[in-house]
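Sequence positions, counted from 1, serve as the residue numbers for this chain. Only this structure's heavy atoms are used, side chains among them; waters, hydrogens and symmetry mates stay out.
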Amino acid sequence: PNFVGSFDIGEHVYFFFREIAVEYINCGKAVYSRVARVCKKDTGGKNILNQNWATYLKARLNCSIAGEFPFYFNEIQDVYQMPTDKTKFYATFTTSTNGLVGSAVCSFSLGEIHGAFSGKFKEQATSNSAWLPVMSSKIPEPRPGTCVEDTTTLPDSVLNFIRSHPLMDRAVGHDYGNPVFYKRDLILTKLVVDKITIDILNQEYLVYYLATNEGRVYKVVQYAGHDGQPRSKLLDIFDVAPNEPIQVMRLSQRYRSLYIGTDSRIKQIDLVMCNRRYDSCYRCVQDPYCGWDRDSASCRPYQLGFLQDVGNRTSDICDTNVMRKKIIVTFGQSVHLGCFARVPEILKYQPVTWYHHSKERGRYEVRYSVTKHIETSEGGLVVIAINESDGGRYDCYLGGSLLCSFSLVVDAHRCTAPSKGNDYQKIYSDWCHEFERYKSALKRWEAKQSVGFVAQTLSSPNVEFTLTFLVPFSNSPTAMFDDSKGQ
């Protein structure tokens, strides 16, 4: 067995470990997670089990994604219990590394564990038999696993039974029917859990710090949803020790810090890092340690009066505090709109939606295309070859929350000019403006004349039409339509 933790609670000691599952051996080799229980006063039997525990029982730990065919995370990696709450256990689990790799976090109640140990025992009658529950009539008295003052006084029938039936039939189910957090292609190794209570608001949050074998720490918050059921989401990812497995992780309430150890280093991370991690209201209000201060437009440790919405109950809470920017652009220019200089990793795979508010069409969702609107890898928007219809407001939304807003003003009277003196700049700007007018006039003229040109060409196949568009480098462009070559 691979032991990951033990806890002294009441008259028992609880052990958490993983081992090869004897009940599955007829179907192949599999590893299951276990919780075992032993009475503190267990000194073994008098003759039978005199060198072993006489009250040892174990049960399977079930951490799985619910469904018609549940997906199991069978291998426990770490277990944690908050010092202030002896009724809950939190553990990280992984799948077998031979198949689809993934990890999950599940929580277990002490009551559920007691329920499993108070249930039926499991047995295999012969080596070729299936593992089945033991009938109640076959269980001796006192019930095997019950704590007594002196285990050497236990009858042989009890000792013989517990020696051959240490496994319980019922698995210990995790809380809420689903894992707190799970993710594929990730190996979680260690965890600690912090509880945040805001008494005046009657709110309570659990923050999970989950270490990986690649030196990263995932920060997950668990909160009550609209229906009272627990929900959870990923808040942040810390690159603590790149490519180094995290071996030890401890939480200090006294110093409000997280301590992390690898084979080569030890690091301290503050639990409250509001303004150092969040530069936007959207991310700040989701962290239970933090709140958005509207006066200073910054993320600070939470206090009453600051904006906070951990459970996403008010999607527009940050609408009046988002970045708003006015951009003046000219005809033909392309512009990049973006809410992040570098998008946080936890937002990389969350789709953003851009909306354009225009005079002609009103509010509509921007559809991406290679010729007009291009989405960037950072969730930004590039508007290509801007014209007057592209003016207006552009809003970026993520999950119903406004991230940023841009007001695009198209200046038809000015083009971007080189910085070579005021006179040259003015001439160049005027020329650009006139050039845009000529192009627009030419397009309208071509549209009106297209039918006539087609008819003329069909009736006179030898007619040659040449259009010459001269653009002299001066402050007054000239366009010449030359059809003198027509035969």
Using a 3.5 Å distance criterion without hydrogens, assess whether the side chain of [X] forms a donor-acceptor pair with backbone atoms of [Y].
X: Q77; Y: F93; answer: no
X: K348; Y: E378; answer: no
X: Q203; Y: D199; answer: no

Any [X] side-chain heavy atom under 4.5 Å of [Y] side chain:
X: T189; Y: T92; value: no
X: N321; Y: W292; value: yes
X: D316; Y: T314; value: yes
X: F406; Y: K326; value: no

- [ ] Go through the structure and list residues passing disulfide (SG to SG under 2.5 Å) with C396, not counting sequence neighbours.
- [x] none
Enclosure of [X] [atom1] (heavy-atom neighbours >12, cutoff 6.0 Å):
X: F3; atom1: CZ; value: yes
X: K233; atom1: NZ; value: yes
X: E214; atom1: CD; value: no
X: D185; atom1: CG; value: yes
X: K183; atom1: NZ; value: no
X: I266; atom1: CD1; value: no

Open item on the list: Name the residue from R283, R216, R277 that meets the salt bridge (Lys or Arg N to Asp or Glu O under 4.0 Å) definition with E345.
Closed with: R216
TODO: Evaluate the ring planes of H373 and Y394, with Trp represented by its six-membered ring, and classify them as parallel (under 30°), tilted (30 to 60°) or perpendicular (over 60°).
DONE: tilted
[atom1]/[X] to [atom2]/[Y] distance, rounded to the nearest 0.5 angstrom?
X: R361; Y: H356; atom1: CZ; atom2: NE2; answer: 9.0 Å
X: T262; Y: E244; atom1: OG1; atom2: CD; answer: 4.0 Å
X: K120; Y: M168; atom1: NZ; atom2: CE; answer: 11.0 Å
X: I65; Y: Y72; atom1: CD1; atom2: OH; answer: 11.5 Å
X: I113; Y: K88; atom1: CD1; atom2: NZ; answer: 10.0 Å
X: D236; Y: Q286; atom1: CG; atom2: CD; answer: 11.0 Å

Indicate, with yes or no, whether the SG-to-SG separation of [X] and [Y] is under 2.5 Å.
X: C318; Y: C281; value: yes
X: C299; Y: C274; value: no
X: C147; Y: C39; value: yes

Cation-pi between [X] and [Y]: NZ/CZ under 6.0 Å from ring centre and within 45° of the ring axis?
X: R363; Y: Y355; result: yes
X: R342; Y: F340; result: no
X: R60; Y: Y32; result: yes

Task: side chain to side chain donor-acceptor pair (under 3.5 Å) partners of S96, counting only residues at least two apart - done: none
TODO: For side chain to side chain donor-acceptor pair (under 3.5 Å), just list the numbers for D194 and Y209, CA-CA rounded to whole Å, side-chain angles, deciding distance to a tenth of an Å, and then say yes or no.
DONE: CA-CA 8 Å; D194 190 25; Y209 294 93; 5.5 Å; no
Task: Partners passing salt bridge (charged side-chain N to carboxylate O under 4.0 Å, His left out) against E365 (at least two apart in sequence or in another chain) - done: R367
- [ ] Please say which of Y90, F181, Y182 ends up in a ring-ring contact (aromatic ring centres under 6.0 Å, His included) with Y208.
- [x] Y90
Open item on the list: Checking ring-ring contact (aromatic ring centres under 6.0 Å, His included) between F15 and each of W53, F89, F7, which is the one that passes?
Closed with: W53
Task: Stepwise side chain to side chain donor-acceptor pair (under 3.5 Å) test for H357 and D395 - done: CA-CA 8 Å; H357 299 254; D395 294 334; 3.1 Å; yes
Open item on the list: As a quick check of understanding, evaluate side chain to side chain donor-acceptor pair (under 3.5 Å) for Q268 and S257, giving each step before the final call.
Closed with: CA-CA 6 Å; Q268 177 183 352; S257 296; 2.9 Å; yes
Task: Derivation of the side chain to side chain donor-acceptor pair (under 3.5 Å) call for E112 and S109 - done: CA-CA 5 Å; E112 181 70 14; S109 69; 5.1 Å; no
